[in-house]
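Let me begin by presenting the structure, written as structure tokens, before commenting on it.
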Amino acid sequence: VISNSSLFAYNTSLPVELVSFKGQIIKYNQIKLSWSTATEINSNKFEIERSTGNSAWTVIGSIYASGNSNSTKQ
């Protein structure tokens, strides 16, 4: 973050520790996404986004997260 010509560094941890992420083509226009997390801290949902290649991303769905977890979730 740059504010008033000064640089501030923030040490923040991500709320989700991702273990794996996989995309599998099911049909011509369908892809199955699978992932697992090792931990989740105060997580609400995962938003699935799509881009047609022009760098503009659009949310096309969401999946509820586990909230708080110290065990592997898929």
Side-chain angles (χ1 to χ4, degrees):
V1 175
I2 298 175
S3 175
N4 297 329
S5 299
S6 298
L7 182 63
F8 296 94
Y10 296 96
N11 183 10
T12 58
S13 299
L14 296 176
V16 174
E17 182 180 355
L18 188 65
V19 175
S20 67
F21 184 87
K22 181 172 85 169
Q24 178 182 5
I25 297 173
I26 303 298
K27 293 183 180 179
Y28 169 72
N29 62 350
Q30 295 180 359
I31 298 176
K32 178 182 178 182
L33 301 177
S34 306
W35 64 88
S36 60
T37 61
T39 60
E40 295 183 31
I41 301 169
N42 199 26
S43 58
N44 182 25
K45 64 183 174 182
F46 295 97
E47 288 189 338
I48 312 303
E49 297 183 345
R50 177 182 180 187
S51 173
T52 57
N54 62 0
S55 298
W57 291 88
T58 304
V59 175
I60 60 171
S62 63
I63 304 293
Y64 285 109
S66 294
N68 292 297
S69 174
N70 287 323
S71 62
T72 302
K73 301 293 181 189
Q74 298 181 349

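Quick caveat: nothing in here was measured; it's all calculated off a predicted structure.
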Side chain proximity check, Asn42 to Pro15, heavy atoms < 4.5 angstrom: no

Backbone N/O of Ser66 and side chain of Glu40: donor-acceptor pair under 3.5 Å: yes

Linked, directly or transitively: Ile31 and Trp57 (ILVMFWY side chains, under 4.5 Å): no

Reported OG-to-CD distance for the pair Ser43 and Glu17, which is rounded to 0.5 angstrom: 12.5 Å

Atom CD of Gln74: over 12 foreign heavy atoms under 6.0 Å: no

Side chains of Ile63 and Trp35 in contact at under 4.5 Å (non-hydrogen atoms): yes

Residue pair Phe46 / Leu33, side-chain heavy-atom distance below 4.5 Å: no

Neighbour count >12 (heavy atoms, 6.0 Å) for atom CZ, Phe21: yes

Exceeds 12 heavy-atom contacts within 6.0 angstrom, atom CD1 of Ile25: no

Considering all heavy atoms, the nearest Ser36-Ser20 contact: OG-OG, 2.9 Å

Cluster link Val19 to Val16, ILVMFWY, side chain under 4.5 Å: no

Approximate separation, where rounding is to 0.5 Å, of Asn70 CG and Ile41 CD1: 7.5 Å

